[in-house]
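Just below is one structure, and these are the notes that go with it.
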Amino acid sequence: MRVLVTRPAHSATRTAQRLRDMGHEPLLLPLRRPRHDSAAAAAALEATSGAIAVTSAEAVRVASALGEKLRPHLVRPLFAVGEMTAQEARGLGFRSVAASAGNGRDLADLIVTQGAEELLYLAGLPRAETFETRLRQLGIRFSVAECYRMTPVAPSPAEIEAVFSGGRPNAVLFYSRQTVEDFFRLAELRSALSGHREIRLLCLSETVAQAIPMSLKKTVAISSMPDEQSLLSLL
């Protein structure tokens, strides 16, 4: 099966290998790229103590650029959305890492059971407000450091043509609402799907699926859990 991956390049490379291991042919077309602000992360870590929360592995990658400045903070508890993000944090050297199985709301519920009184959220832009809203509901004090921004990447018509040169994909993987919006904003990508209702649109969550045009809703499948393993199980 030919599977179009719309993730940022760093993450897409690993997804591509997982797809090959499953016997599929990955087609890579990143529609977002991260812009890191390691200075913001460093300043926030220095100004706070206690637990750290991340809802994306991109925040862990920002922290990885801090080098020796990060070392004193590796003893702080870290809470992550998803086991993959948790594994990246452990690989970076964090000693106490806990992961929620669901979304930001589930992460907040996990944090409150651990008795965390203060929290630093290493966040990105744009982002859903689910995690922060739930933290407020639970009465957990937290601060936010916006340490990366996902910016749109507009592939050229030639790049899109090259990706589709071997034929159209059988499925498209969507990991964020913003990426869905980016995808359907490009006329070349819209036309690649037009008239081909057999192409499956696989979405990480209901929130992601909401951005799919109404005319294509019948081709949508939604992951049972907001993680890549569940998403790829739809193939």
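Quick caveat, the model's predicted, so the values are computed rather than measured.
- The salt bridge (charged side-chain N to carboxylate O under 4.0 Å, His left out) test applied to Glu206 returns no partner, not counting sequence neighbours.
- Between Val3 and His24, the shortest heavy-atom contact is CG2-CB, 4.1 Å.
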Worked verdict on Ile52 versus Leu45 for side-chain contact (heavy atoms from CB on, under 4.5 Å): CA-CA 9 Å; Ile52 300 166; Leu45 288 166; 3.7 Å; yes
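- Judged by distance alone, with hydrogens and angles left aside, the side-chain atoms of Lys217 form a donor-acceptor pair with the main-chain N or O of Ala209 at under 3.5 Å.
- Ser223 contributes no side-chain N or O that, together with a main-chain N or O of Ser205, makes up a donor-acceptor pair within less than 3.5 Å.
- Checked by atom type, the side-chain pair Gln137/Arg134 shows a donor-acceptor distance below 3.5 Å.
- Between Asp21 and Arg18 no salt bridge is recorded (no basic side-chain N to carboxylate O distance below 4.0 Å).
- With a 6.0 Å radius and a threshold of 12 heavy atoms from other residues, nucleotides or ligands, Glu161 has its CD atom at or below the threshold.
- Using modelled atom types and a 3.5 Å distance limit, the side chains of Thr48 and Arg76 yield a donor-acceptor pair.
- Residues satisfying the salt bridge (charged side-chain N to carboxylate O under 4.0 Å, His left out) test with Glu117, not counting sequence neighbours, are none.
- Within the 3.5 Å criterion, the main-chain N or O of Met150 finds no donor-acceptor partner in the side chain of Arg35.
- Under the 4.5 Å side-chain heavy-atom criterion for ILVMFWY residues, no single connected hydrophobic cluster contains both Phe142 and Val54.
- Side-chain atoms of Leu173 and Leu232, non-hydrogen and from C-beta on, do get closer than 4.5 Å to each other.
- Pairs passing the ring-ring contact (aromatic ring centres under 6.0 Å, His included) check and including a residue from residues 103-128, sequence neighbours excluded, read Tyr121-Phe131.
- Here CG of Leu92 is found 11.5 Å from CZ of Arg61. Values are rounded to the nearest 0.5 Å.
- In the hydrophobic cluster analysis, where Ile, Leu, Val, Met, Phe, Trp and Tyr join through side-chain heavy atoms closer than 4.5 angstrom, Phe79 is grouped apart from Leu74.
- The backbone N or O of Asp106 lies less than 3.5 Å from a partner atom in the side chain of Asn103, making a donor-acceptor pair.
- In the hydrophobic clustering of ILVMFWY residues, with side-chain heavy atoms under 4.5 Å counting as a link, Val153 and Val172 come out apart.
- One finds no salt bridge joining Glu58 and Arg127 here, because no Lys/Arg side-chain nitrogen approaches an Asp/Glu carboxylate oxygen to under 4.0 Å.
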